[in-house]
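Note on naming: letters A, B, ... go to the chains in the order of the sequence lines (proteins, then strands), and numbering restarts at 1 for each one. Bear in mind that the values here come from a model prediction, so they are computed numbers and not experimental data.
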Amino acid sequence: MITINVNGTPHQVEAEDGMPLLWVIRDVLNMTGTKYGCGVGSCGACTVLIDGAATRSCSFPAALAAGKNITTIEGLKTGDTLHKVQQAWIEAQAPQCGFCQSGQIMAAVALLKEKPQPTDAEIDAAMTNICRCGAYSQIRAAIHAAAKV
Amino acid sequence: MVSRRLVIFGGVAAAGGLAVGYALMPYSTLDRAKGMIAKEGATPLSAWVRIGTDNSVTVIVPHSEMGQGVHTSMPMMLAEELDADWSLVRMEQAPADMAFANRALAREYLRGDMSIPSWMSGVAEFGARKVAESMNLQITGGSTAVRFTGVRGMRMAGAAARWMLIKAAAAKWGVPESEIVAKQSKLSHASGKSATYGEMAAAAAAYDPPVDVPLKAKKDYTIVGQPIARFDIPGKVDGSAKYGIDVRLPNMSYAVIAASPVFGGTLKSVDEKPATAMKGVKKVVKLPAAVAVVADNTWRAKEALAALQPQWDEGQNANVTQATIFAGKEAALAKGGLTEDHASGNVDEALKGAKSVIEATYKVPFLAHAAMEVMNCTAHFEGDKLTIWGGFQDGLGAKARAAKAAGIPIDNVTLNHTAMGGGFGRRGGTLDYLDKAVAIARQVEGPVQVVFTREEDMTQDFYRHASLAKMRAAMDDKGKVTAWLHTFTEKHDPPEAIRVNYDFANQAARYASDTNPIPWGPWRSVDHTQQGFFIETFMDELAAAAGKDPFEFRRAHLEGAPRHKAVLELAAEMANWSVAPEAGRARGIAIRDAFGTIVAQVAEVSIGADGRARVHKVWSAVDPGEVINPATFTAQIQGGAIYGLTAALYGEISIDKGRVVQQNFPDYEMVRMAEAPVHEVRFIESGARTGGAGEPGTAPIAAAVGNAIFALTKKRIRELPFMKTTLTASTATGAANG
């Protein structure tokens with residue numbers, strides 16, 4: 001048994017060696033906002049924040065997350081108020097199918113924390129998640145808009 | 001009376017032979033539909049719309065949302081004609097039930113405007129009556145939703161409901177119908193009498209919907225044409241939207257599956273012990289051509305499956321390779337006796353008499369869909385009742401397929417729609433994942449979620465087929481094309497993908513079918529993906545051979561196609577075509593007419609230090625006849641272009657030993673943010689028949705990029721993906737266009 005803190009709540013979970021954090025979040029805690037996309041850390045659909053850093057949870061052993069603060073898409077709101085990145089996502093009408101967007105939003109939150117006014121080049125470097133619908137223009141616009149808030 | 005009600009239920013006016021078709025539909029369908037959408041305190045005015053006593057308007061949409069905005073654009077069209085207050089409008093996806101078969105869509109097929117492609121009609125084999133069968137459609141594909149359901153169904157239903165409300169108000173207030181104003185979900189009369197739609201809905205329902213109701217003029221639109229925010233977006237930014245893979249049910253198991261890696265192979269044997277010995281594993285399920293492990297979570301199922309060493313009977317295809325497939329295509333074209341797709345003039349004579357003939361051979365590989373959400377389906381048997389959860393482009397077709405797979409009557413199947421993490425054609429008629437889930441659920445107690453790993457998703461897809469084209473053309477000394485002969489392998493849909501809109505006096509397209517065991521499936525824009533590349537690259541080659549500017553050369557061949565010409569001219573104007581781009585860059589142009597929408601694209605590229613093309617900017621000029629929601633349409637054109645650009649730059653599924661080589665994104669690379677071009681989209685609303693949005697943006701991009709690469713490097717790449725060819729920018733500074 002390990003204890004992981006997800007969105008401020010500690011959970012006692014059974015996770016054998018090597019079990020990625022993604023599957024603990026999705027299948028054990030049943031928090032399905034974090035997505036499986038590739039399982040090899042390539043697409044970024046599974047991105048969560050671990051102590052504030054954007055992390056691909058499909059390739060991060062749950063055991064290593066013990067004692068750290070994990071934030072998932074479900075934990076971004078404050079009460080009923082959306083995070084400014086989520087709000088910007090709605091205003092830019094960024095999602096299409098939406099499946100990658102939890103990961104995109106988490107990556108953007110981490111980027112803006114580190115670089116509150118990112119340039120296009122900094123967005124290119126930080127935002128490496130795949131969006132198969134190709135909503136990149138809207139995602140870029142949403143990040144710039146959130147940076148102004 | 002009966003037939004009138006049926007007609008409006010379909011949302012279309014009766015015409016000619018179609019009345020026969022409707023007569024074959026069971027009359028109980030309407031009542032069944034109303035029964036299914038009825039809610040306490042709300043009145044259904046037709047199968048498509050329900051008005052609540054709280055004055056809310058709920059629009060029932062028979063299509064699936066996969067990010068194209070259809071769950072918003074359909075209600076927009078209905079609400080416009082209803083004169084509803086948009087803030088009161090809601091959306092509900094129609095149940096996957098025969099009562100909600102989409103007759104507006106079916107009618108387009110029956111009119112002969114389109115044939116029903118077999119891959120789109122999942123339900124067609126289900127049922128007895130031929131005409132009725134073909135009407136049982138809930139397809140989301142072929143960019144059809146707005147074109148057919150919206151134009152012929154939603155608008156008519158909205159206008160009819162408005163008419164019924166006015167009729168009821170006139171009777172109640174004792175005033176002429178013509179004096180009643182219906183606006184913003186409110187009815188009013190100069191006498192001061194007024195009522196909300198909600199207050200009048202119950203009385204309105206007593207009237208039969210009119211057969212023939214006038215529609216609004218475009219100039220009076222207040223909803224259609226506006227960039228209305230989509231209904232589905234809030235749930236997609238906070239993690240609450242539920243996709244198929246997010247279904248969580250009490251006592252649910254998780255299964256991960258591996259099918260025979262060689263297409264057509266079967267499972268010979270598998271030693272189950274390595275899996276069953278592992279923690280959380282409930283069962284190993286053997287299917288004729290696959291093995292699955294059922295466990296208490298996805299990870300354990302995946303690990304246990306990896307521990308198995310299934311023995312496959314690889315069948316007849318174990319020696320198939322990319323080379324043997326293309327050799328088969330070459331042979332099929334060389335053999336002669338090709339099928340003629342279309343012809344005008346006499347192309348063979350014209351080529352024979354030509355002073356010189358220009359020839360080129362083009363090649364494209366297989367492509368996987370790689371939707372972000374891997375294929376998955378959740379199924380639960382309770383006796384002979386089956387419940388399904390998942391994302392399907394055709395809910396009714398999926399339901400029929402599940403019934404067939406389970407060997408039970410369709411009414412024993414309940415299908416629950418989830419959001420779809422991308423479709424692109426994969427979640428339409430190719431429902432292997434549904435069949436597999438049904439087969440596994442048969443052997444599992446309680447609900448089971450069957451998930452493809454990304455590797456399984458990529459290697460067990462239904463692929464955009466590899467194709468080969470040989471083009472021949474001749475020109476007169478003024479640079480006018482006198483003969484155009486297009487031969488190719490593999491023809492699927494849609495028919496217009498093979499056509500050109502240029503005024504060539506003598507032209508023909510002929511094709512060969514080659515047999516290979518790789519499963520085919522519709523892939524965003526279907527045959528346009530390869531035909532756009534063949535046709536518009538060859539057109540560029542002809543321009544170069546004639547020494548003409550590629551834009552001017554195309555324009556000179558569009559005298560008989562004013563809409564196409566206007567779109568081409570707009571794209572050139574947007575891109576400032578006549579002014580050369582900055583040094584080290586060049587532009588290419590291409591135009592396609594796809595799914596009723598004309599798109600011309602200009603792409604501006606440079607060559608990176610890695611020898612690969614980098615696309616900086618794209619300009620798209622688009623004539624879809626009319627635009628329902630400019631924000632979602634723009635996003636569809638941009639996203640469609642990214643989908644096509646990924647294929648053009650990187651996309652290749654190759655075959656070795658009868659199986660797919662590529663396993664996951666690292667070897668099937670995608671365009672990501674850093675490579676996404678700045679893409680400007682502008683529309684021409686010509687008023688022509690409404691065209692589709694989801695697929696047209698994909699069609700011209702490969703050719704536009706390839707033509708830009710040629711302009712920059714003088715190297716003509718005739719094989720996709722472009723990454724297979726290492727490039728160096730021409731040393732000339734100040735690159736020119738085309």
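The closest donor-acceptor contact from the side chain of B:Arg230 to the backbone of A:Pro95 lies under 3.5 Å. Between the side chain of A:Asp27 and the backbone N or O of B:Thr298, at least one donor-acceptor pair lies under 3.5 Å. The backbone N or O of B:Ala635 lies less than 3.5 Å from a partner atom in the side chain of A:Gln96, making a donor-acceptor pair. A donor-acceptor pair under 3.5 Å links the side-chain atoms of B:Tyr243 to the main chain of A:Phe99, judged by distance alone. Proximity of a side-chain donor or acceptor of A:Arg132 to a complementary backbone N or O of B:Ala371 within less than 3.5 Å is not detected. For A:Gln101 (side chain) and B:Lys236 (main-chain N/O), no donor-acceptor pair under 3.5 Å exists by modelled atom type. The backbone N or O of A:Cys38 sits less than 3.5 Å from a side-chain atom of B:Asn664, completing a donor-acceptor pair. When atom types are taken as modelled, the side chain of B:Arg248 and the backbone of A:Arg26 share a donor-acceptor pair closer than 3.5 angstrom.
Taking B:Val678, B:Asp296, B:Thr646, B:Ile245 one by one and counting their heavy-atom pairs under 4.5 Å with chain A, the maximum is reached by B:Ile245. No other option in B:Ala370, B:Ala419, B:Pro234 has as many heavy-atom pairs under 4.5 Å with chain A as B:Ala370. By number of non-hydrogen pairs under 4.5 angstrom with chain B, the leading residue of A:Cys43, A:Cys100, A:Ala125, A:Ser42 is A:Ser42. Among A:Thr32, A:Leu82, A:Asp124, the residue with the largest count of heavy-atom pairs under 4.5 Å with chain B is A:Thr32. Among A:Gly75, A:Gly33, A:Cys97, the residue making the largest number of heavy-atom pairs under 4.5 Å with chain B is A:Cys97. Most heavy-atom pairs under 4.5 Å with chain A, from the set B:Gly639, B:Gly640, B:Ala676, B:Pro677: that is B:Gly639. Contact count versus chain B (heavy atoms, under 4.5 Å) is highest, among A:Leu22, A:Asn30, A:Val24, A:Val85, for A:Asn30.
Using a cut-off of 4.0 Å between Lys/Arg side-chain N and Asp/Glu carboxylate O, B:Lys279 and A:Glu14 are scored as salt-bridged. Between A:Lys35 and B:Asp246, at least one side-chain nitrogen of the basic residue sits less than 4.0 Å from a carboxylate oxygen of the acidic one, meeting the salt-bridge criterion.
Using a 4.5 Å cut-off between heavy atoms, B:Asp457 does not touch chain A at all. Using a 4.5 Å cut-off between heavy atoms, A:Ile105 contacts chain B through its side chain alone, with no backbone atom that close. Interface remark: A:Ser137 contributes side-chain atoms only to the contact with chain B (heavy atom separation under 4.5 Å). At a 4.5 Å heavy-atom cutoff, the contact between A:Gln93 and chain B is made by backbone and side-chain atoms alike. Residue contact with chain A, scored on non-hydrogen atoms closer than 4.5 Å, is absent for B:Ala631. Neither the backbone nor the side chain of A:Ala135 comes within contact range of chain B; no heavy atom of the residue lies under 4.5 Å from a heavy atom of that chain. Neither the backbone nor the side chain of B:Ile637 comes within contact range of chain A; no heavy atom of the residue lies under 4.5 Å from a heavy atom of that chain. With a 4.5 Å cut-off on non-hydrogen atoms, B:Met670 touches chain A through its side chain but not through its backbone.
The minimum heavy-atom distance linking A:Ile139 with B:Met673 is given by the pair CG2-CE, 3.6 Å. A:Trp89 and B:Val237 make their closest contact through CB-CG1, 3.7 Å (heavy atoms, listed as atom of the first residue, atom of the second, distance).
A heavy-atom distance below 4.5 Å is found between the side chains of B:Glu455 and A:Val40. Taking 4.5 Å as the limit, every side-chain heavy atom of B:Arg672 sits out of range of all side-chain heavy atoms of A:Asn129. At least one side-chain heavy atom of A:Cys133 sits under 4.5 Å from a side-chain heavy atom of B:Phe424. Under the 4.5 Å side-chain criterion, counting only non-hydrogen atoms from C-beta, B:Arg454 is in contact with A:Tyr36. With contacts defined as side-chain heavy-atom distances shorter than 4.5 Å, the pair A:Gln138/B:Gln638 qualifies.
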Evaluate side-chain contact (heavy atoms from CB on, under 4.5 Å) for A:Glu16 paired with B:Arg300, printing each intermediate quantity in order.
CA-CA 9 Å; A:Glu16 50 266 50; B:Arg300 285 174 171 167; 2.6 Å; yes
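Taking a 6.0 Å sphere around CG of B:Asp610, one finds it holds more than 12 heavy atoms contributed by other residues, nucleotides or ligands. Atom NZ of B:Lys617 is surrounded by 12 or fewer heavy atoms from other residues, nucleotides or ligands within 6.0 Å.
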